[in-house]
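What you see is a predicted model, and the numbers here were worked out from it, not measured in a lab. If you read the sequence from its start, that first residue is 1, and numbering goes on from there.
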Amino acid sequence: MSTLGPVSTSMSRGEPHQYQHVIDTRQVISSSQFDIMNKFGFKMQQPTQPSDKSFELGESLILPRAPGLGPEISRDAIAVTTVPRLPEFSSKDLFHVIKFSVNGMPGPYIHELARGTIRIDGANDRVFEAFGWKTIKFQISWPGFEFKGRRLNVRDMNGEPMRRDELASIIASQIYQFLSDVQNGKITQGTMIVNGRVSKSWDIKKISIAHLRLLGMNYYRSDWVPVLALDN
């Protein structure tokens, strides 16, 4: 089952098509987005090292373009595949989910969030207020990499809890910077192992960042992990 509830209308699993497309990061992450990072004392950080750990195969999902669509696949829906995550970040250990959507459409594009050109639903929601936390631990999960969990302040200098749009902006900008650095040869990707087998489907140099979406953030015991999906 999808860890994002009603977003999924397909139980099959698969792998996405690959694209050859690179966006210049300098033209994507805007100064306003860096201002948001500074507000919460956040600085970009890259993975510690390449990894050959085995990841779980991503899910094939159908994203409705608007609320209320039935389960049938139609021209008004978009097929995506979620990026494989480590086994410890599986639905059986899922405690909480923060979703991202625009006008009811789940999964805004990473580059649009990093650029700050879209307004997500519930943008002003204080998504961590009920928890009373000052910081959270999060990490990206992508085949071929080992990320070190890091802390993110979820209250600003005035003690105000982080909003949904601020969380999406920071996470998307971090992911975009990482992917761009891999595509530009600054970071080396390790062996991509999915379900115990070597797979090149998640070679970052062969995918299009422009087709990558942020569906939400999943909370597993102690770590928050972005749920990413690539258009099929």
Using every non-hydrogen atom in the two residues, find where [X] and [Y] come nearest and quote the distance to one decimal.
{"X": "Arg164", "Y": "Val127", "answer": "CB-CG1, 3.7 Å"}
{"X": "Gly216", "Y": "Phe100", "answer": "CA-CD1, 3.5 Å"}
{"X": "Ile62", "Y": "Ala77", "answer": "CG2-CB, 3.4 Å"}
{"X": "Thr135", "Y": "Val154", "answer": "N-CG2, 3.9 Å"}
{"X": "Val194", "Y": "Ser199", "answer": "CG2-CB, 4.1 Å"}
{"X": "Gly104", "Y": "Asp121", "answer": "N-OD2, 2.9 Å"}

As a quick check of understanding, evaluate side-chain contact (heavy atoms from CB on, under 4.5 Å) for Tyr220 and Leu94, giving each step before the final call. CA-CA 5 Å; Tyr220 302 98; Leu94 179 62; 4.0 Å; yes

Does some side-chain heavy atom of [Y] sit less than 4.5 Å from a side-chain heavy atom of [X]?
{"X": "Gln174", "Y": "Arg150", "result": "yes"}
{"X": "Gln177", "Y": "Lys186", "result": "no"}
{"X": "Ile171", "Y": "Phe138", "result": "yes"}
{"X": "Arg126", "Y": "Arg163", "result": "yes"}
{"X": "Glu146", "Y": "Leu86", "result": "no"}
{"X": "Glu112", "Y": "Val102", "result": "no"}
{"X": "Ser141", "Y": "Leu228", "result": "no"}
{"X": "Leu215", "Y": "Leu61", "result": "yes"}

Would you say [Y] ends up clustered with [X] if hydrophobic residues are merged whenever their side chains have heavy atoms under 4.5 Å apart, either directly or through other cluster members?
{"X": "Ile175", "Y": "Ile118", "value": "yes"}
{"X": "Ile187", "Y": "Ile110", "value": "yes"}
{"X": "Phe178", "Y": "Tyr109", "value": "no"}

Rounded at 0.5 Å granularity, tell me how far [atom1] in [X] sits from [atom2] in [Y].
{"X": "Ile78", "Y": "Leu63", "atom1": "CD1", "atom2": "CG", "result": "6.5 Å"}
{"X": "Leu230", "Y": "Ile209", "atom1": "CG", "atom2": "CD1", "result": "10.5 Å"}
{"X": "Ser60", "Y": "Asn232", "atom1": "OG", "atom2": "CG", "result": "6.0 Å"}
{"X": "Asn218", "Y": "His96", "atom1": "CG", "atom2": "NE2", "result": "10.0 Å"}
{"X": "Gln183", "Y": "Ile207", "atom1": "CD", "atom2": "CD1", "result": "6.5 Å"}
{"X": "Leu167", "Y": "Leu214", "atom1": "CG", "atom2": "CG", "result": "8.0 Å"}

Stepwise, does the side-chain contact (heavy atoms from CB on, under 4.5 Å) test hold for Ile98 with Asp125? CA-CA 11 Å; Ile98 296 174; Asp125 293 346; over 6 Å; no

For the residue pair Trp133 and Phe131, does the interplanar ring angle fall in the parallel (under 30°), tilted (30 to 60°) or perpendicular (over 60°) class?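 Ring orientation, 0 to 90° scale: parallel.
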
Determine whether a donor-acceptor pair (N or O, by modelled atom type, separation under 3.5 Å) exists between the side chain of [X] and the backbone of [Y].
{"X": "Ser173", "Y": "Ser169", "result": "yes"}
{"X": "Asp156", "Y": "Asn158", "result": "yes"}
{"X": "Trp142", "Y": "Trp202", "result": "yes"}

Phe128, Phe89, Trp224 screened by ring-ring contact (aromatic ring centres under 6.0 Å, His included) with Tyr219, the one that passes: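 Going through Phe128, Phe89, Trp224 one by one, the ring-ring contact (aromatic ring centres under 6.0 Å, His included) with Tyr219 is satisfied by Trp224 alone.
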
Any Lys/Arg nitrogen of Asp203 or Lys205 sitting under 4.0 Å from an Asp/Glu carboxylate oxygen of the other?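 Salt bridge: no.
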
Step by step, would you call Leu113 with Ile120 a side-chain contact (heavy atoms from CB on, under 4.5 Å)? CA-CA 9 Å; Leu113 291 170; Ile120 62 175; 3.7 Å; yes

May I have the step-by-step check of side-chain contact (heavy atoms from CB on, under 4.5 Å) for Met162 and Ile170, ending in yes or no? CA-CA 11 Å; Met162 179 179 284; Ile170 289 175; 3.8 Å; yes

